[in-house]
**Q** 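Shown below is the structure under consideration.
Bear in mind that the values here come from a model prediction, so they are computed numbers and not experimental data.
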Amino acid sequence: MTASSVVSAGNRTDKVRQMGLFSRKPETAAVNVGPAGPFVFRIDDVFTITGKGRMFTGTVESGRVDAGTPASLVIGDRVLTAQIGRLEVRGRRKPVALNAGESGAIGLDGVVTDDLPLTVYGGQMIVDTAALKGALIRSRLESDFTPPTRGD
């Protein structure tokens with residue numbers, strides 16, 4: 001190997017790095033939000049992953065959402081109580097939280113198909129993804145619970 005071939009190989013490597021190939025994207029800085037700050041996640045789409053369940057994709061508009069957090073799914077004037085079951089983020093293995101500005105997917109425990117808006121497709125009832133677009137997953141509020149009625 002000659003000295004000129006080493007130099008040209010080094011120049012090619014530098015050019016490849018300048019083009020952005022073989023480089024990692026820097027992690028976005030986490031937004032530090034106090035524990036009292038509410039989170040709001042705007043839904044863009046919903047889909048089902050075999051073995052993992054229903055996932056709602058979208059963006060955290062404010063606050064921070066952690067796995068295991070009590071939450072509410074707000075669809076129009078309906079509020080369904082749930083719990084954050086799992087989080088998915090492209091390029092991160094097993095994320096424990098989503099911060100304001102981050103996009104990802106949230107799996108909700110406690111929400112069943114019959115609770116969601118449905119539509120007819122091919123003679124079957126399926127989840128109406130268009131009706132869910134723009135819905136919110138947010139911090140659970142005290143007002144999200146219906147007080148139990150007394151049976152006297």
**Q** Just wondering, do D66 and F39 contact through their side chains at under 4.5 Å, heavy atoms?
**A** no
**Q** Taking the side chain as C-beta and beyond, is there a heavy-atom pair between T57 and I43 under 4.5 Å?
**A** no
**Q** Which pair of heavy atoms, one from E102 and one from A97, lies closest together, and at what distance?
**A** OE1-O, 4.2 Å
**Q** Quick one: name the residues clustered hydrophobically with L136, using the 4.5 Å side-chain heavy-atom rule over I, L, V, M, F, W, Y, and just say none if it's on its own.
**A** V40, V74, V79
**Q** Of the non-hydrogen atoms in A105 and M55, which two are nearest, and what is the gap between them?
**A** CB-CE, 3.8 Å
**Q** Would you sort out whether T59 and S103 count as a side-chain hydrogen bond (donor to acceptor under 3.5 Å, both in side chains), showing the intermediate values?
**A** CA-CA 4 Å; T59 303; S103 295; 3.1 Å; yes
**Q** For R140 and T81: C-alpha separation, side-chain torsions, deciding distance, then whether side-chain contact (heavy atoms from CB on, under 4.5 Å) applies.
**A** CA-CA 7 Å; R140 188 181 296 167; T81 57; 4.0 Å; yes
**Q** Could you see if V46 belongs to whatever hydrophobic cluster contains V89? Use Ile, Leu, Val, Met, Phe, Trp, Tyr and a side-chain cutoff under 4.5 Å.
**A** yes
**Q** Please report the interatomic distance CG(N99) to OG(S62), rounded to the nearest 0.5 Å.
**A** 11.5 Å
**Q** About how many Å separate CG of L141 and OG of S72, when rounded to the nearest 0.5 Å?
**A** 6.0 Å
**Q** Give the table of side-chain donor-acceptor pairs shorter than 3.5 Å for residues 111-132, with sequence neighbours excluded, one pair per line with atom names and distance.
**A**
| unit_1 | atom_1 | unit_2 | atom_2 | d |
| --- | --- | --- | --- | --- |
| T113 | OG1 | R54 | NH1 | 3.4 |
| T113 | OG1 | R54 | NH2 | 3.0 |
| D115 | OD2 | V112 | N | 3.3 |
| D128 | OD1 | A130 | N | 3.3 |
| D128 | OD1 | A131 | N | 3.4 |

**Q** Could you state the interatomic distance from CG (D45) to CZ (F56), rounded to the nearest 0.5 Å?
**A** 10.5 Å
**Q** Considering non-hydrogen atoms only, spot the tightest contact between I84 and A71 and give its length.
**A** CD1-CB, 3.8 Å
